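The structure appears below as C-alpha cells.
Atoms considered below: every heavy atom in the structure, side chains included; atoms not considered: hydrogens, waters and symmetry mates. Fair warning: this is a prediction, and the values are worked out from it, not measured in the lab.
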There are 2 protein chains.
Amino acid sequence: MTGAIHRSATKGIYDSLMSVKLDAIFSALADPTRRAILAMLLEDDMAVTDVAEPFEMSLAAISKHLAVLERAGLITQEKRGRLKWCKLEPHAMREASVWMQGFGQFEPLNLDDFERFLAAEMTTVLRDTAPIRED
Amino acid sequence: MTGAIHRSATKGIYDSLMSVKLDAIFSALADPTRRAILAMLLEDDMAVTDVAEPFEMSLAAISKHLAVLERAGLITQEKRGRLKWCKLEPHAMREASVWMQGFGQFEPLNLDDFERFLAAEMTTVLRDTAPIRED
DNA sequence: CGAATGGTCAACCAAAAGGTTGAATAACCT
DNA sequence: AGGTTATTCAACCTTTTGGTTGACCATTCG
C-alpha cells in the first residue's frame with residue numbers, strides 16, 4: 001500500500017524541476033492581488049505603472065508581485081524604452097491545470113462562470129486594498 | 001481602460017468568500033508535501049498515521065498539513081474509533097480549475113501525463129524529506 | 001483497571017511572505 | 001545638461017508558514 005514508489009535516478013533533476021514549478025505556480029496564484037493582476041493582463045498587455053494603478057499599494061509592492069508571477073512563468077516582462085510591458089503567459093498554467101485535472105473531471109469551462117468569477121474577485125480585491133472611487 | 005470595474009454591494013460577501021476560497025485552495029496546493037498527500041489519497045482513504053508514514057516529518061506536522069487541506073475543502077476528515085480517516089474531496093478543486101481554465105484552453109487531460117506527474121512529484125518529495133529505503 | 005496507540009494542542013523557533021520607505025538607475029523630454 | 005517619468009533596489013518591519021518538542025486527550029486492548 002502506497003509503498004510502491006519507484007525511483008529513477010535519471011529523472012531526478014527533471015522531477016525536481018516540475019515540483020519546483022508547481023510550487024512557484026500555485027503559490028503565485030495564492031495571492032488575490034496577483035490573481036487580479038493576471039485577470040487584468042488577460043484583457044491586454046500593460047506597463048508596470050498601469051498595472052499598479054487600481055491598487056492602493058506601493059509601486060514597489062506591485063513590482064515584487066510581478067516578479068513573483070514572472071518567476072512562476074505566468075507572465076513575461078519586456079522592457080521597451082522606459083516602459084516594461086507585462087504579458088500574460090497562459091500556457092504556464094497548463095502544468096498546474098494538468099495536475100489538478102487529474103483529481104477529477106471538471107466540467108468543460110463555462111465562460112460565463114469565469115467572467116463572473118473574475119469580475120467578482122476583482123471588485124473584492126480592489127475594495128479590500130483601495131477605496132473605490134465612483135467618479 | 002481597465003477602469004470599468006463595477007461594484008455590486010449585494011454580491012460583496014459572496015465574492016469575498018470566493019476569493020478567500022481561492023486563497024485557501026491555491027496556498028494549500030503550493031506545498032509539495034500537501035500535494036503528495038493529495039496524490040496518496042487519490043488511491044485510497046487513509047488514517048492520519050498512515051498518511052504520515054512515508055514522510056520524514058513529525059506526526060504533528062502532517063496533522064497540520066491535513067488541517068490546511070481540510071480548511072481549503074480539499075479533503076474531509078472523519079473520526080471513526082480512534083482513527084481519523086482522511087478522504088479526498090476532488091470537487092473542491094473545481095473552483096480553482098474553473099478559474100485557471102479561463103486563462104486558456106488546456107488540452108483535455110492526458111492521463112498518462114498526470115500519472116507521470118504524480119509519480120515524479122512523489123519521488124521528489126520523498127527523496128527531499130525522507131531517505132528512501134530500498135528494502 | 002492500566003498500558004499502549006492515534007491524534008491534537010501549545011509553546012516555541014527560523015525562515016519566508018507581503019508590505020513600507022527612500023535612494024538609485026535608466027530612459028525620455030525639453 | 002537638467003528635470004521628469006518608469007522601475008527597481010535595499011533596508012527594514014510585521015505576520016504567516018512550516019517545522020519541532022512535550023504534554024495532553026481519547027480510544028482500544030490485555
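Look at CG on Asp50(B): it is 14 Å from P on dT5(C), rounded to the nearest Å. When the C1' atom of dT8(C) is taken as reference, atom CG of Leu83(B) falls 14 Å away, rounded to whole Å. Rounded to whole angstrom, the span from the NZ atom of Lys84(B) across to the C1' atom of dT5(C) amounts to 16 Å. Residue Trp85(B) contributes atom CH2, which lies 14 Å from atom P of dT8(C) at whole-angstrom precision. The CD-C1' distance, from Gln77(B) to dA26(D), rounds to 16 Å in whole Å. When rounded to the nearest whole Å, the span between CZ of Phe26(A) and C1' of dT17(D) equals 18 Å. Atom-to-atom, CD1 of Ile75(A) to P of dT7(D) comes out at 12 Å; the value is rounded to the nearest Å. In this structure, the CD atom of Glu56(A) is 12 Å from the P atom of dG19(C), given to the nearest Å.
Non-hydrogen atoms lying under 4.0 Å from DNA chain C are contributed by Ala60(A), Ala61(A), Lys64(A), His65(A), all within residues 60-69 of chain A.
Between Ser58(A) and dT20(C), a side-chain N or O to OP1/OP2 separation shorter than 4.0 Å is present.
Side-chain contact between Ile75(B) and Glu70(B) is present, with at least one heavy-atom pair separated by less than 4.5 Å.
Within the 4.0 angstrom heavy-atom criterion, base atoms lie near Leu59(B).
Judged by distance alone, the side chain of Arg34(B) and the main-chain N or O of Ala28(B) form a donor-acceptor pair under 3.5 Å.
The CG atom of Leu29(A) sits 6.5 Å away from atom CG of Leu38(A), with the distance rounded to the nearest 0.5 Å.
Minimum heavy-atom separation, Met93(A) to Leu74(A): CG-CD2, 3.8 Å.
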Steps toward side-chain contact (heavy atoms from CB on, under 4.5 Å) verdict (Asp31(A), Val68(A)):
CA-CA 10 Å; Asp31(A) 184 279; Val68(A) 170; over 6 Å; no
Kindly determine whether Cys86(B) and Val48(B) satisfy side-chain contact (heavy atoms from CB on, under 4.5 Å), including the steps that lead there.
CA-CA 7 Å; Cys86(B) 306; Val48(B) 176; 4.0 Å; yes
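In terms of hydrophobic clustering, with Ile, Leu, Val, Met, Phe, Trp and Tyr side chains grouped at heavy-atom distances under 4.5 Å, Leu66(B) and Leu83(B) are assigned to different clusters.
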Close N or O pairs between protein and nucleotides 27-30 of chain D (under 3.5 Å):
from	atom 1	to	atom 2	distance (Å)
dT27(D)	O2	Arg82(B)	NH1	3.4

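The ring-ring contact (aromatic ring centres under 6.0 Å, His included) pairs that include a residue from residues 21-45 of chain A are Phe26(A)-Trp99(A), where partners are two or more places apart or lie in different chains.
Inspection of the Ser97(A) and Gln101(A) side chains reveals an N or O donor paired with an N or O acceptor under 3.5 Å.
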